Amino acid sequence: MPPLRDEMVAVRRYAELLSRCRGGADARPIARIQAALVTSGLLRRSAELHDALIRALASSGRPQAALPLYAHLLRAGLLPTPHTLPSLLKSLALSPAVPGARRLALAVHAHAVRLGLTGFLLVNNALIRVHAGLLGRLPDAHLLLRASAAVDASTFNTLITAHARAGRVADARSLFDEMPERNVVSWSAMVNGYVQAGDVREALGVFSQMQAQGVRPDDTVLVGVLAACAQLGALEQGKWVHGYLKANNIRITVFLGTALVDMYAKCGEVQLGMEVFEGMKDKNVLAWTTMIKGLAMHGRGADSLTLFSQMESSGVKPDDIAFIGALCACTHTGLVDKGRELFNSMVSNYGIKPKIEHYGCMVDLLARNGLLSEARDMVEKMPMKPDALIWGALMAGCRFHKNVELAEYAIKHWIELEPDKSGAYVLLGNIYSASGRHASAREIRDLMREKGVEKTPGCSNVEIKGVIHQFIVGDLSHPRIKDILTKWYEIDSRIRLEEGYVPDKKEVLLDIEEEEMEGALSRHSEKLAIAFALISTNDNIPIRIVKNLRVCQDCHHVTKLISKVYGREIVVRDRTRFHLFKDGTCSCKDYW
């Protein structure tokens, strides 16, 4: 065979070898082939081999190794092809920390324009991806989209995901609605975009639209839907996803299994979450941690710590997040010594340096159990600056143990960090009220008005027959509000007559008359949600409420009385924990 033909055969053989290397994490076989190509002189004569090497490295564990090959290609007097640039731009997107990566991305864009390669769909999509991601230039990515001669679903998917990650979910939705044709990745990007933005009702709405159009969801969509159900407390919809997985014989991967565990735990069915967990063939540290935290949220601290020990025994090394779960378990069960032991073992046994979240757990644990001096000492000696959550944990302990002096110390620091948020002001006002310092409480109220700080409105969700109903404090817009208020007046009368209920007005931080205080308490969101659930469900069905704020003392007491008078099990998930009300008692041991 002529030498030229021999070289063509060799190029094809090496290109085939490199194609087999694509997708493998180990880049060493690619490096050995590259060395052989350099030594033989084949590489400097072939743009095809440069393409093959760049594609293989872009899919390996060392995508940054593809970047010098582009300069080698140009120095050899060769020209990039439409196949070169997408893989090169992918390597750049995966190597943001490499010095000069952004500058090289712009240079590659310039080369693509000069060589007339921007008309190729794959090149244009890669340029949009690198502008939206690596370069963070969403407006430029938009311009590329509008100037494109051809677009496909991938073009839009890139921009939808980038806008969602940037918190611009409305722009992402506009692009989604504009798409001529969507694929499952498009739906996934939109569902998960809404979940990341905290707009979980819209996420479930998009999923319903996806089902109506007959699009089969993949794992990524279902994980997003389960996350939405977990945030919203939509147990029935979460159960539907679980049933869908079983009915379609879909293997429950570690990611799906973890999402199911999280959903069940956050929807008040931690035992169902445990059944899923125990049935998982593969469990990573995140799966263990999710179950540990789920048990802790439900007040099952002993079970949570037992599971933490089982994780260690199974050979799974706990990470910093796993320790947060274990420390939360100590907090919910008052195990101070065990909490100290775990905190110290992070460094001594695992070499994990405690983060601010771990210090927050410890401050919360100490403060809740009356060790306020030790909690303050830990705050003052932390190696990092305390954040609002740290001061909030200390303040919560002050509230429970009525330590006004320490609360005044803590609030000064908290307000410096969050001057425009109501949490610190409201908590201190409640501490003053509970201590009989009503004049000081009024001063806090006046200070809030002066600074224009508004209290975050309470919001409660309740799921009835698969539909989420939302109630906001004082909001009377629900279509059945007349029936709800009639039921509430009945509830109020019964718990007064049968249980001697007297409204606790200490936490009503409003400048209103005594009679109006009772009205304000009666319109708290969880009370409206419970009244609605009582007129909408059978007696044997547990009532599940999800609230955005901590349940106030009056609502907590009222819910206990309702569970006794009406013989109903009521589960309330607030900002910090689960409360299981049954027969006039609560699982949280009345910690206030």
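A quick note: this is a predicted structure, and the numbers were derived from the prediction, not measured.
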Colleague: Set out, in order, the CA-CA distance, both residues' side-chain angles and the distance that settles side-chain contact (heavy atoms from CB on, under 4.5 Å) for Val169 and Met190, then state yes or no.
Modeller: CA-CA 8 Å; Val169 71; Met190 204 62 250; 3.9 Å; yes

Colleague: Does the side chain of Cys361 come within less than 4.5 Å of Phe323's, by heavy atoms?
Modeller: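 Contact flag for Phe323/Cys361 side chains = no.
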
Colleague: Among Arg75, His50, His111, find the residue that satisfies the side-chain hydrogen bond (donor to acceptor under 3.5 Å, both in side chains) test when tested with Tyr70.
Modeller: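 Answer after filtering Arg75, His50, His111: His111.
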
Colleague: Quick check on Lys293: does its NZ atom have over 12 non-hydrogen neighbours (other residues, nucleotides or ligands) under 6.0 Å away?
Modeller: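 Result for NZ/Lys293: open.
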
Colleague: So, does Ser46 use its side chain to make a donor-acceptor pair with the main chain of Leu42 at under 3.5 Å?
Modeller: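 Such a contact is absent between Ser46 side chain and Leu42 backbone.
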
Colleague: Closer than 3.5 angstrom, by distance alone: can the side chain of Arg577 be matched with the main-chain N or O of Arg550 as a donor-acceptor pair?
Modeller: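 Pair absent, no side-chain N/O of Arg577 close to backbone of Arg550.
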
Colleague: Give, for atom CG of Leu272 and atom NE2 of His242, the distance between the pair rounded to the nearest 0.5 Å.
Modeller: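 Nearest 0.5 Å value for the CG-NE2 distance: 8.5 Å.
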
Colleague: Does the plane of the ring in His478 sit parallel, tilted or perpendicular to the ring in His469? Use 30° and 60° as the thresholds.
Modeller: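 Aromatic pair His478/His469 classed tilted.
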
Colleague: Using modelled atom types and a 3.5 Å cut-off, is there a donor and acceptor pairing between side-chain atoms of Asp152 and backbone atoms of Thr155?
Modeller: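 Such a contact is found between Asp152 side chain and Thr155 backbone.
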
Colleague: Can you tell me how far apart OG (Ser525) and NZ (Lys547) are? Round to the nearest 0.5 Å.
Modeller: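 Between atom OG of Ser525 and atom NZ of Lys547 there are 4.5 Å.
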
Colleague: Is the shortest side-chain heavy-atom distance between Val546 and Leu232 below 4.5 Å?
Modeller: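 Heavy-atom side-chain distance check fails, nothing below 4.5 Å.
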
Colleague: Give the minimum heavy-atom separation between Ala164 and Gly193, together with the two atoms involved.
Modeller: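 In terms of heavy atoms, the two residues are closest at CB-CA, 3.6 Å.
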
Colleague: Can you confirm whether more than 12 heavy atoms, excluding those of Glu454, are under 6.0 Å from its CD atom?
Modeller: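 Result for CD/Glu454: open.
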
Colleague: In terms of side-chain heavy atoms, does Ser154 have a donor or acceptor partner in Asn157 at a distance below 3.5 Å?
Modeller: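 Distance-only check fails for Ser154 and Asn157.
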
Colleague: Once you measure the plane-to-plane angle for Phe471 and Phe532, does it fall in the parallel (<30°), tilted (30-60°) or perpendicular (>60°) bin?
Modeller: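 Taking Phe532 first and then Phe471, their aromatic rings sit tilted (interplane angle of 30° to 60°).
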
Colleague: Checking Phe308 against Trp288 for the ring-ring contact (aromatic ring centres under 6.0 Å, His included) test, could you report, in this order, the C-alpha distance in whole Å, the side-chain angles of both residues, the deciding distance, and whether it holds?
Modeller: CA-CA 8 Å; Phe308 184 84; Trp288 284 94; 9.6 Å; no

Colleague: If we only count heavy atoms from C-beta on, is the Val571 to Glu269 side-chain gap below 4.5 Å?
Modeller: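 Answer no - side chains too far apart.
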
Colleague: Kindly check if the number of other-residue, nucleotide or ligand heavy atoms within 6.0 Å of CD (Gln213) is above 12?
Modeller: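 Atom CD in Gln213 is packed in, count exceeds 12.
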
Colleague: What are the two closest non-hydrogen atoms of Leu226 and Ala259, and how far apart are they?
Modeller: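 Smallest interatomic distance, heavy atoms only, reads CD1-CB, 3.7 Å.
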
Colleague: For the pair Ser87 (side chain) and Thr84 (backbone), establish whether a donor and an acceptor sit closer than 3.5 Å, ignoring hydrogens and angles.
Modeller: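 No: the side chain of Ser87 does not pair with the backbone of Thr84.
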
Colleague: What do you reckon, is CZ of Arg45 surrounded by more than 12 foreign heavy atoms closer than 6.0 Å?
Modeller: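 Buried by this count: over 12 neighbours within 6.0 Å.
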
Colleague: Would you tell me whether Thr456 and Asn548 have side-chain atoms, one donor and one acceptor, within less than 3.5 Å of each other?
Modeller: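 Their side chains do not contain a donor-acceptor pair, so the 3.5 Å distance test is not met.
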
Colleague: At what distance, to the nearest 0.5 angstrom, does CG of Leu295 lie from NE2 of His298?
Modeller: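 The distance works out to 8.0 Å.
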
Colleague: When you look at Trp187 and Phe207, which way does the ring-ring contact (aromatic ring centres under 6.0 Å, His included) test go after all the steps?
Modeller: CA-CA 8 Å; Trp187 292 98; Phe207 181 62; 9.3 Å; no

Colleague: Does Gln231 offer a backbone N or O that forms a donor-acceptor pair with the side chain of Arg573 under 3.5 Å?
Modeller: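 Checked: pair present.
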
Colleague: On a heavy-atom basis, which atom in Cys229 and which in Met263 lie closest, and how many Å separate them?
Modeller: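 So the minimum-distance heavy-atom pair works out to CB-CG, 3.9 Å.
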
Colleague: Indicate yes or no for a side-chain donor-acceptor contact from Arg182 to the backbone of Phe176 under 3.5 Å, with no hydrogens or angles considered.
Modeller: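 Side chain of Arg182 to backbone of Phe176, a donor-acceptor pair under 3.5 Å: yes, one is there.
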
Colleague: Which heavy-atom pair separates Ala322 from Met311 by the least distance, and what is that distance?
Modeller: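 Looks like CB-CE, 3.9 Å.
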
Colleague: I want to check something: taking the side chain as every heavy atom from C-beta on, are Gln470 and Cys459 in contact at a cut-off of under 4.5 Å?
Modeller: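 Yes, their side chains come closer than 4.5 Å.
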
Colleague: Take Leu143 and His131 through the side-chain contact (heavy atoms from CB on, under 4.5 Å) test and state the conclusion after the steps.
Modeller: CA-CA 10 Å; Leu143 285 175; His131 276 278; over 6 Å; no

Colleague: Find out whether Ile324 and Lys355 are in side-chain contact, i.e. whether some heavy atom of one side chain is under 4.5 Å from a heavy atom of the other.
Modeller: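 No, too far: nothing below the 4.5 Å cut-off.
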
Colleague: Salt bridge check: are Glu178 and Arg146 linked by an N-O gap of less than 4.0 Å?
Modeller: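 Answer for the salt bridge query: yes.
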
Colleague: Less than 4.5 Å apart, side chain to side chain, heavy atoms only: is that true for Val184 and Arg216?
Modeller: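 Heavy-atom side-chain distance check fails, nothing below 4.5 Å.
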
Colleague: Can you tell if the side chain of Glu48 reaches within under 4.5 Å of the side chain of Thr81, non-hydrogen atoms only?
Modeller: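 Contact flag for Glu48/Thr81 side chains = no.
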
Colleague: Walk me through whether Arg251 and Leu256 qualify under side-chain contact (heavy atoms from CB on, under 4.5 Å).
Modeller: CA-CA 9 Å; Arg251 188 176 73 88; Leu256 276 172; over 6 Å; no

Colleague: Checking the side chain of Asp218 only, and the main-chain atoms of Val221 only, is there a donor and an acceptor separated by less than 3.5 Å?
Modeller: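 Flag set: sc Asp218 to bb Val221 pair under 3.5 Å.
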
Colleague: If you measure only the distance, is there a donor-acceptor pair under 3.5 Å linking the side chains of Ser174 and Asp177?
Modeller: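 Result is no, nothing qualifies.
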
Colleague: Looking only at heavy atoms, which two atoms of Ala153 and Asn183 are closest? And how far apart?
Modeller: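 The answer is CB-ND2, 3.5 Å.
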
Colleague: To the closest 0.5 Å, what do you measure between CD1 (Ile54) and OG (Ser59)?
Modeller: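 Answer for the CD1-OG pair, Ile54 versus Ser59, is 12.0 Å.
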
Colleague: Would you please test Val270 and Phe578 for side-chain contact (heavy atoms from CB on, under 4.5 Å) and show each step?
Modeller: CA-CA 11 Å; Val270 70; Phe578 272 89; over 6 Å; no

Colleague: Are any of the side-chain heavy atoms of Ser60 and Ile30 separated by less than 4.5 Å?
Modeller: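 A side-chain contact under 4.5 Å exists here.
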
Colleague: Working to the nearest 0.5 Å, report the span between NE2 of His163 and OG1 of Thr161.
Modeller: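 That separation rounds to 11.0 Å.
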
Colleague: Do you know which two heavy atoms are closest between Val130 and Ala105, and how far apart they sit?
Modeller: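 Heavy-atom minimum between the residues: CG2-CB, 4.1 Å.
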
Colleague: Does Asp574 reach the main-chain N or O of Val551 with its side chain, forming a donor-acceptor pair under 3.5 Å?
Modeller: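 Yes: the side chain of Asp574 pairs with the backbone of Val551.
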
Colleague: Please say whether the positively charged group of Lys317, taken as NZ for Lys or CZ for Arg, lies over the ring of Tyr350, i.e. under 6.0 angstrom from the six-membered ring centre and within 45 degrees of the axis.
Modeller: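 Here Lys317 fails the 6.0 Å and 45° test against Tyr350.
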
Colleague: When you measure from the side chain of Ser304 to the backbone N and O of Arg300, does any donor-acceptor pair fall under 3.5 Å?
Modeller: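 Checking the backbone N and O of Arg300 against the side chain of Ser304, no donor-acceptor pair under 3.5 Å is found.
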
Colleague: Determine yes or no for a side-chain-to-main-chain donor-acceptor pair under 3.5 angstrom, with Asn248 supplying the side chain and Ile250 the backbone.
Modeller: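 Not at all, since once roles are kept as given, no pair shorter than 3.5 Å links the two residues.
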
Colleague: What is the distance from atom CG of Leu49 to atom CG of Leu43, rounded to the nearest 0.5 Å?
Modeller: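 Leu49 CG to Leu43 CG: 6.5 Å, rounded to 0.5 Å.
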
